[in-house]
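Proteins come first, then strands; the chains are lettered A, B, ... in the order of their sequence lines, and each starts at number 1.
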Protein chains: 2
Amino acid sequence: MGRPRKFSREQLQDAALALVDARGLAGLSMRTLAAELGTGPMTIYNHVANRADLDVLVVEAVVARADWPQPRGVDWREDVQCIATAMWRAVRAHPHAIPLILTRRSRSPAALAVAEALLDALSRSGRSGQRLLVAFRAVSALVMGFAQAELAGPLAVEAGEAAEAVIRRIRALPRQRYRRLIEIAGAAARSNPEREFRAGLDLLLDGLA
Amino acid sequence: MGRPRKFSREQLQDAALALVDARGLAGLSMRTLAAELGTGPMTIYNHVANRADLDVLVVEAVVARADWPQPRGVDWREDVQCIATAMWRAVRAHPHAIPLILTRRSRSPAALAVAEALLDALSRSGRSGQRLLVAFRAVSALVMGFAQAELAGPLAVEAGEAAEAVIRRIRALPRQRYRRLIEIAGAAARSNPEREFRAGLDLLLDGLA
DNA sequence: ACCTGAACACCGTTCAAGT
DNA sequence: ACCTGAACACCGTTCAAGT
């Protein structure tokens with residue numbers, strides 16, 4: 001049945017994620033991953049089908065690192081909060097990988113496990129079928145959307161930019177035209193990402209209750 | 001003061017978006033855009049700083065096409081729905097461009113206009129400062145998150161895949177381990193994206209009321 | 001000021017050859 | 001079965017030269 005493969009899938013995952021964390025997305029290529037593993041570019045093709053698969057490898061590695069306590073099963077709201085927050089934290093723990101997580105499909109057991117856990121907690125709100133589906137989509141969207149907003153939203157901090165630079169940039173806009181945006185720029189500067197995320201999630205959970 | 005530029009920014013935007021719509025993200029490069037405009041690759045550098053700017057061009061083109069009716073100013077909920085739905089539709093109108101919209105920062109007037117309009121409607125719920133910021137972030141996150149889920153979530157339809165293939169794939173999973181996921185797979189197949197999005201948004205708006 | 005071709009260092013991948 | 005080097009068609013971008 002052939003000799004064992006030179007590298008395990010987990011080894012590839014770890015090496016690919018390490019590269020992205022250290023050098024950014026542009027630092028990951030067939031060639032750099034091969035070099036990292038001390039082999040030639042073509043060897044990677046023994047483990048993935050193509051370049052796109054390399055990105056999926058990174059996504060799986062990040063999602064696999066999401067960890068939440070065993071749901072207590074008392075208050076479904078509390079359990080949804082736990083799982084959603086764990087997912088949000090896992091994504092944010094690897095900022096360079098966020099673009100991939102937002103855009104690459106993964107069907108790893110870890111990805112499915114998060115979905116199932118979330119669905120299970122949400123089902124205890126008394127929902128099933130279409131209504132459970134909508135609740136699941138809404139919570140998932142909120143988690144990914146909050147991670148996305150920090151990366152690319154109008155109030156996002158540019159790479160290497162100071163937080164105050166964002167406020168200055170917003171405040172420099174025409175005052176009449178962007179009144180509200182200028183108004184919240186100050187609040188955005190004083191804000192804490194996790195507190196904001198949890199407050200946003202609470203709004204949705206209020207709607208779900 | 002120099003002669004007029006060979007191409008306007010809008011011309012570049014339109015050509016870049018047309019390329020992405022027709023050939024996918026991989027179809028857009030400095031060279032293909034130049035060819036589309038009937039010139040050489042280096043000419044593009046007279047209009048953008050680098051390749052990353054090309055992506056921003058596409059994002060701006062998509063957001064600029066978002067269009068919503070003048071807010072009626074009666075029911076803030078209705079106005080938030082209008083603006084959020086317009087944004088969601090604009091994003092979905094260019095499926096190939098979605099990865100860019102999720103990951104590239106744009107500061108075009110069009111992008112700021114959506115934010116300001118949304119903030120204005122949300123402020124009429126009686127919020128300001130930190131609370132307005134959280135409401136804004138939550139609604140924005142939901143919009144982008146719903147667009148994202150269709151692209152890369154566990155229930156997303158693969159390129160060229162039939163909708164039923166997703167259900168079959170989910171149903172083939174271990175029944176014990178993924179009980180809820182299998183349960184909602186059927187609902188997902190019968191669902192309509194816009195109805196789902198609006199139902200999800202309604203949940204959040206309920207929480208905001 | 002703006003335009004542009006040649007050249008360079010990268011990239012993913014095909015192919016053919018190794019064990 | 002698995003591994004891998006050479007070669008090819010792409011890519012973004014630097015540089016130098018044009019108007």
Within residues 89-100 of chain B or reaching into it, pairs that qualify as side-chain hydrogen bond (donor to acceptor under 3.5 Å, both in side chains) - sequence neighbours excluded: B/D21-B/H94, B/R89-B/E194, B/R92-B/E150
Per-nucleotide protein contact string for nucleotides 6-14 of chain D (B base, S sugar-phosphate only, - none; heavy atom under 4.0 Å): BB---BBBB
Residue pairs fulfilling side-chain hydrogen bond (donor to acceptor under 3.5 Å, both in side chains) with at least one residue in residues 151-161 of chain B, sequence neighbours excluded: A/R107-B/E158, B/E161-B/R169
Interatomic distance, A/F7 CZ vs D/dC3 P [rounded to whole Å]: 8 Å
Interatomic distance, A/K6 NZ vs D/dA1 C1' [rounded to whole Å]: 15 Å
Sorted by number, the residues of residues 13-23 of chain B with heavy-atom contact under 4.0 Å to DNA chain C: none
Test side-chain contact (heavy atoms from CB on, under 4.5 Å) applied to B/R23 and B/T32, step by step: CA-CA 10 Å; B/R23 304 191 216 162; B/T32 59; 4.3 Å; yes
Residues which pass side chain to side chain contact (heavy atoms under 4.5 Å, CB included) with A/A185, listed by chain and number, not counting sequence neighbours: A/I167, A/I170
Intra- and interstrand pairs of DNA chain C - dot-bracket, Watson-Crick/G-U under 3.5 Å, | marks other strand: ||.|||||...|||||.||
Sequence-distant partners of A/L54, side chain to side chain contact (heavy atoms under 4.5 Å, CB included), two or more places apart: A/L28, A/M30, A/L33, A/I44, A/V48, A/R51
Counterpart residues, side chain to side chain contact (heavy atoms under 4.5 Å, CB included), relative to A/P69 (two or more places apart): A/C82
With sequence neighbours excluded, residues passing side chain to side chain contact (heavy atoms under 4.5 Å, CB included) with A/A64: A/A110
Expected output: side-chain A/E36 to main-chain A/A16 donor-acceptor under 3.5 Å: no
Presence of B/N46 side-chain N/O under 4.0 Å of C/dC2 phosphate oxygens OP1/OP2: no
Contact check, side chains of A/I101 and A/M144, non-hydrogen atoms, under 4.5 Å: yes
Heavy-atom donor-acceptor pair, A/E116 side chain to B/R180 backbone, under 3.5 Å: yes
Sorted by number, the residues of residues 94-104 of chain B with heavy-atom contact under 4.0 Å to DNA chain C: none
ring-ring contact (aromatic ring centres under 6.0 Å, His included) partners of A/F197, counting only residues at least two apart: A/W88, A/F146
A/T39 side-chain N/O to D/dT4 phosphate OP1/OP2 under 4.0 Å: yes
Any residue meeting side chain to side chain donor-acceptor pair (under 3.5 Å) with A/S125, in chain and number order, not counting sequence neighbours: A/R127
Heavy-atom side-chain proximity of A/V143 to A/V91 below 4.5 angstrom: no
